[in-house]
Every structure is written in structure tokens, then in C-alpha cells.
Amino acid sequence: MATVKDFRNDVRPNWCPGCGDFSVQASLQRALASMGKEPHEVAIISGIGCSGRISGYVNTYGFHGVHGRSLPTAQGVKLANRDLTVIASGGDGDGFGIGLNHFMHAVRRNIDITYIVMDNQIYGLTKGQHSPTSAHGFKAKTTPAGNIENALVPTQIALAAGIGFLGQGFSSDVNQLVSLIQQAIEYKGFSLINVFSPCVTYNKVNTYDWYRENVVNLDNRPNYDPADRATAMRTVIETHGLCTGLIYKDDSRVAYEDQIQGYASRPLSEADLRLERKVFEEALHEFA
Ligand code: SF4
């Protein structure tokens, strides 16, 4: 059986020392190993940004795609081989700026993949511009007088779009993050884990200490019911999205692939898709 070590490779991450993305990588590796997954059973599809490098740092199948487009690729991979555990990943700019429309439709479509977003409220790779999740008033290179746009709250957007599984973690709480990733992978449908993953180089406001002071951990609310969508929505509104834990889970939603007639019988990747010569010739003739 694979261990955490089997999910490591020889590539040394070039994230800045202290970057929250290290914890996300370690949590993902721990979750996969503890679930009994093997590296060849997993594919990690990432977008562009510091966090997008994660697909090269974990020993699984990996694909480092283009900006904001990890979700369409990940959904295609899953539909082509439903036996793979497919993880899409990226940052807040990648997922909620450039790729926001893909996110909304992935939620609506409900293909069985897990989306892990490393949310640091800034564009780190391009050296510190404000992102869609930067707070109003936030000062960055592009907003020297303070951000005059309101922040997008990913958990509110996800719930409004009808997501079936929603969790939020913090890089500093690895045990909770490992548990959330495991639950998300086990969930049959689209799942989002938004992770507060501090950028220690360019975001001097939303630091580890800032999150510790401002985030409400739902694990400390024994009466919180993640099956209640209204409660989940009220909670993310009341906390301005600053809550961690399992926020919402709907076990009644049916995954996209489970609604395709005949799909369950065989993964597309194992099907013989070759055309018979006669059929090919007929098609050629038709378009000649
Ligand atoms: Fe992490 Fe920020 Fe450094 Fe990028 S710039 S690796 S997000 S700390």
C-alpha cells in the first residue's frame, strides 16, 4: 500500500519559505495515502499561479494547464477515465477571476472531482497585484490607495450556485485540512475545498496571525449542521466567509456521470474507439 513517501517526487518546490501552499501539498499527500490511493490512480490538474505548480510536486499523473482552465481539463479527464481520482487545483486569481465561469458551471454540472483552491487574496506569481478575493481597502501594487472593489466570497458563490460539498481550510491546521480533503474526495460529485493559504511575500495583511485572529472554526460548534443549506449560507454571510471546517454537504445530489445512460459500464479510456475502415471510407465519401 502506498505511503505519503510514494506521493513525493524529486522536484523541489520553489515556493517561498513559509508559503501556505507547502501545507496544502503535504495535506493532499497525507489524505491520498491515508485513503489507500496509489499514485497511478490519481490525476492532479492545475492552472497558473504559484499554487498551480502543485501538479508537478506530487507523484501522481499531473497536468499544468493554462490560466483559469484547470476545471474544464479536470472534468474531461474524469469523464474519459472515471476510475481516476481527479483533483483540480489553483489559486484565487486563477479560479475566481480568470476561471470563475468554469467554476460556476462545474458546480452546476456536478462531475465527481475535487477542486482545491489556495486562496491568499493576492496574485503572488506576478508579484503582488490585488485579486478577486482581496478585501475592500486592501493596498497592493495595483491598488496603492486601497482596493475600491468588493471582495468575492468563494463560499457564498459556491452555495448560491448549488454546490453539493463545500469545505474551507487553513494552511496552519493540517489535521483539519487532511480530513476535509479526504471527505471531499469521498464525496460523489463536485467538491470545493477553499484553503486560506497565506502569501508571506506579498500579502502583509492576511498573514497566519491575521487568519488565526479572524477565522471561526466550525469544528468548535458542536451543533452546527452541515446538511442545512440555509444555515451554511447564513454562516458564511455572518462570518464574511471567514470560517473553516465542513460548511455544507448535500448527499442527495447525483453526479453528472451517474446520469449518463450506459456510462457506468466501462471507462471511455478503455473503450476501443477505432473506426472500421468501411465506416471511415463512408464518412470520407460523405464529405468529399
Ligand atoms: Fe507563496 Fe506568495 Fe511566494 Fe507565491 S509569492 S510562492 S504565493 S509566498
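Atoms within a ligand are numbered from 1 in the order they appear, just like the ligands themselves.
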Would you mind running through ligand 1 and noting each atom that sits below 4.0 Å from a heavy atom of [X]?
X	answer
Tyr202	5 (S)
Thr201	3 (Fe), 8 (S)
Asn120	7 (S)

Would the Phe165 and Phe190 ring centres measure less than 6.0 Å apart? no

What about the rings of Phe170 and Tyr211, do their centers lie closer together than 6.0 Å? yes

Relative to each other, are the rings of His67 and Tyr123 parallel, tilted or perpendicular (30° and 60° limits)? perpendicular

Under 2.8 Å from atom 1 (Fe) of ligand 1, can any N, O or S atom of Cys199 be found? no

Go through it in stages, so that I can follow the logic: the residues are Arg212 and Asp209, the test is salt bridge (Lys or Arg N to Asp or Glu O under 4.0 Å), and I'd like the CA-CA distance, side-chain angles, deciding distance and then a yes or no. CA-CA 5 Å; Arg212 282 189 198 104; Asp209 283 343; 2.9 Å; yes

Side chains of Ser171 and Ser23: any donor to acceptor distance under 3.5 Å? no

Nearest neighbour in protein (non-hydrogen) for [atom]:
atom	answer
atom 3 (Fe) of ligand 1	Cys16 SG, 2.3 Å
atom 1 (Fe) of ligand 1	Cys19 SG, 2.4 Å
atom 4 (Fe) of ligand 1	Cys50 SG, 2.4 Å

Is the shortest distance from a heavy atom of Val200 to ligand 1 less than 4.0 Å? yes

Look at Asp258 together with Lys188 and state whether they make a salt bridge at an N to O cut-off of under 4.0 Å. yes

